[in-house]
Visitor: 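Here you go, one structure.
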Amino acid sequence: MKTDFTTDQQADPQIQMMEEILRKCVHCGFCLASCPTYSVLGDERDSPRGRIYLIKDMLEQGGAPNPEIVTHVDSCLSCLACMSACPSGVHYQHYIDHARVYVEENYQRPWFDRLIRSSLSNILPYAGRFRVALKLAKFAKPFSFLFGQKLSSMIKMAPSKMPRATLPDGVNVYPAEGTTKKRIALLMGCAQKILRPSINEATIRLMTRLGCEVVIAEGAGCCGALTHHLGKDDEARQFAKANIDAWMSAIDQGGLDAIVINAAGCGTEVKDYAFLFKDDPVYQKNAQIISALAKDVTEVIAELELQKSSTSDLPSVVYHDACSLMHGQGITQQPRQQLEQVGFDLEEIPGQHYCCGSAGSYNLLQPIMADELKDRRQGGIDKVLEAGNAQILATGNIGCLVQLADGANIPVVHTVELLDWATGGPKPSNI
Ligand code: SF4
Ligand code: SF4
């Protein structure tokens, strides 16, 4: 794609990066059919190619973007389906990430939007604050209709009963059962450990059972994806730096074979730390080390010996691909293979795979589109239920899990909860 940046603009390393991406786009439009927002709205400006043009115009013109461009940037889910579809290797992830940062730094949103976005970035990444917010939201639930669409979506997200965490405080190392095959660090994350603590608990049981010593590095927390997708670049970097420091010190104290991540959205972010810090003289090298070690939990399980369950009557499972796992990390086969390996029968959701609408905080900021996409995905899942005997829905990302559990006709669990159950752990409490 031809660009028209001034010489001054071209001196900016961020513009150079964007221009490099732009030049790969040949306008072919192969990405359009993969885009969930284009499939719903049918408007080219809500397609990958349309957004690429709009963002190019925004950057070439410089200054404050016009509100129309911001609307189309905001409506993008960052599901990255367009990246998988693009034959020219256009790195849409880095492109839209930079566009969001540009909008955040150059555009004055209406005060209510600023309030919502700042509440999200000041609450969700902090487990303690998030727990308090969910408790307050629980009491506001009966009156959620009074708060407008965005706030009521947030309030409705609060579980009616807060799940209780069972991991003991202060334990930073969980020894392997039997011979230690790997030493891994587990990212405990932020929102996930409050919304569904059983996922980390199942991961620790499963990984130690498979011969891993599991380290919870002190100081590691939110991966930064949530703030990054809100365009809050500095805050995202602060989270990333804290994680890099924490894991580098775990490496110093005994080495690490992998940094295991069981929330697909966080995995995509941590694997991208090397890019995030590519121009940072202090963090560049360590960010490369951390990104190279970052693995989705199923990638590490694939290197271990997963045994078939001794139980013969495991239920059938329908598997939902989280976009951040499928498109962000190219992982589709490992979870399926592992579920089948331990003894679950697998069912596939028919039709085109589109995002379920969760997409980090997207379902809170764009509730109408998110609900439409959720209904479409649930419609596909219902077809599986009508045709076969699937009894459980599994996925590898907390965002999809919460999104699809709202209104689902079957229990929704994380893949590791099933793998843990089948290999000796407890049955997930919602099955
Ligand atoms: S990231 Fe997803 S929503 Fe955004 S343009 Fe690409 S396919 Fe469409
Ligand atoms: S598929 Fe790739 S090259 Fe074609 S229009 Fe989309 S982003 Fe551009």
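Atoms within each ligand, like the ligands themselves, are counted from 1 in listed order. All heavy atoms count here, side chains included; hydrogens, waters and symmetry mates do not.
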Visitor: Counting each atom of ligand 2 from 1 as listed, which ones have a heavy atom of Cys86 under 4.0 Å away?
Guide: 1 (S), 2 (Fe), 3 (S), 7 (S)
Visitor: Considering only heavy atoms, does Leu32 approach ligand 2 within less than 4.0 Å through its side chain, its backbone, both, or neither?
Guide: neither
Visitor: Just checking, is any N or O donor in the side chain of Thr395 or Asn397 under 3.5 Å from an acceptor N or O on the other one?
Guide: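 No, Asn397 and Thr395 have no side-chain donor paired with an acceptor closer than 3.5 Å.
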Visitor: Considering only protein heavy atoms, which is closest to atom 2 (Fe) of ligand 1, and at what distance to one decimal place?
Guide: Cys79 SG, 2.3 Å
Visitor: Among all protein heavy atoms in this structure, tell me which lies nearest to atom 4 (Fe) of ligand 1, with the distance rounded to 0.1 Å.
Guide: Cys76 SG, 2.3 Å
Visitor: Answer with yes or no whether Gly29 contacts ligand 2, where contact means a heavy atom under 4.0 Å from a ligand atom.
Guide: yes
Visitor: Considering only heavy atoms, does Leu80 approach ligand 1 within less than 4.0 Å through its side chain, its backbone, both, or neither?
Guide: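 It is the backbone that touches ligand 1; the side chain stays farther off.
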Visitor: N/O/S of Cys82 less than 2.8 Å from atom 2 (Fe) of ligand 1?
Guide: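 Within the cut-off used here (under 2.8 Å), Cys82 places no N, O or S atom near atom 2 (Fe) of ligand 1.
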Visitor: For ligand 1, does Tyr38 get within less than 4.0 Å through its side chain, its backbone, both, or neither, judged by non-hydrogen atoms?
Guide: neither
Visitor: Would you say Asn262 and Thr203 are linked by a side-chain donor-acceptor pair, where the criterion is simply a distance under 3.5 Å?
Guide: yes
Visitor: Is it the case that the side chains of Asp245 and Tyr283 hold a donor-acceptor pair, with the cut-off being a distance below 3.5 Å and no angle test?
Guide: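 Yes, side-chain donor-acceptor contact under 3.5 Å.
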Visitor: Tell me, which protein residue and heavy-atom name are nearest atom 7 (S) of ligand 2, and how many Å apart are they?
Guide: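 The closest one turns out to be Ile52 CD1, 3.7 Å.
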Visitor: Looking only at heavy atoms, is any part of Cys355 under 4.0 Å from ligand 1, and if so is it the side chain, the backbone, or both, or is it neither?
Guide: neither
Visitor: Note the single closest protein heavy atom to atom 8 (Fe) of ligand 2, along with its residue, its atom name and the distance in Å.
Guide: Cys25 SG, 2.4 Å
Visitor: Quick one: which of Val416, Leu167, Leu206 gives a side chain to side chain contact (heavy atoms under 4.5 Å, CB included) with Glu201?
Guide: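 Going through the options one by one, the only one that passes is Leu167.
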Visitor: Among Ile52, Asp57, Leu59, which one satisfies side chain to side chain contact (heavy atoms under 4.5 Å, CB included) with Ile55?
Guide: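 Testing Ile55 for a side chain to side chain contact (heavy atoms under 4.5 Å, CB included) against Ile52, Asp57, Leu59 leaves exactly one candidate, Leu59.
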Visitor: Among all protein heavy atoms in this structure, tell me which lies nearest to atom 5 (S) of ligand 1, with the distance rounded to 0.1 Å.
Guide: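 Of every protein heavy atom, Arg51 NH1, 3.1 Å lies nearest to atom 5 (S) of ligand 1.
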Visitor: Under 3.5 Å, is there a donor-acceptor pair linking the side chains of Ser78 and His229?
Guide: no
Visitor: Starting from atom 3 (S) of ligand 2, find the nearest protein heavy-atom neighbour and note its residue, name and distance.
Guide: Val26 N, 3.3 Å
Visitor: Identify, by atom number and element, the atoms of ligand 2 in contact range of Ser88, meaning under 4.0 Å from any of its heavy atoms.
Guide: 3 (S)
Visitor: Please classify the Met1 to ligand 2 contact at 4.0 Å (heavy-atom distances, strictly less than): side chain, backbone, both or neither.
Guide: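 Neither part.
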Visitor: Please confirm whether Arg237 makes a cation-pi placement over Phe277, using NZ or CZ under 6.0 Å from the six-membered ring centre and within 45° of the ring normal.
Guide: yes
Visitor: Under the 6.0 Å and 45° cation-pi test, does Lys278 pair with Phe275?
Guide: yes
Visitor: Step by step, work out the side chain to side chain contact (heavy atoms under 4.5 Å, CB included) result for Leu364 and Leu124.
Guide: CA-CA 12 Å; Leu364 304 174; Leu124 284 182; 4.2 Å; yes
Visitor: Would you please say whether a donor-acceptor pair under 3.5 Å links the side chains of Asp272 and His94?
Guide: yes
Visitor: Applying a 4.0 Å heavy-atom criterion (strictly less than), which segment of Cys28 is in contact with ligand 2: side chain, backbone, both, or neither?
Guide: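 For Cys28, the contact with ligand 2 is made by both the backbone and the side chain.
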Visitor: When you measure from atom 6 (Fe) of ligand 2 to each heavy atom in Ala85, Cys31, Ser47, which option holds the nearest one?
Guide: Cys31
Visitor: Hey, which atoms in ligand 2 end up nearer than 4.0 Å to a heavy atom of Pro87?
Guide: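 Heavy-atom distances to Pro87 below 4.0 Å select 1 (S).
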Visitor: Is the closest side-chain donor-acceptor distance between Thr268 and Gln329 under 3.5 Å?
Guide: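 A donor-acceptor contact under 3.5 Å links the two side chains.
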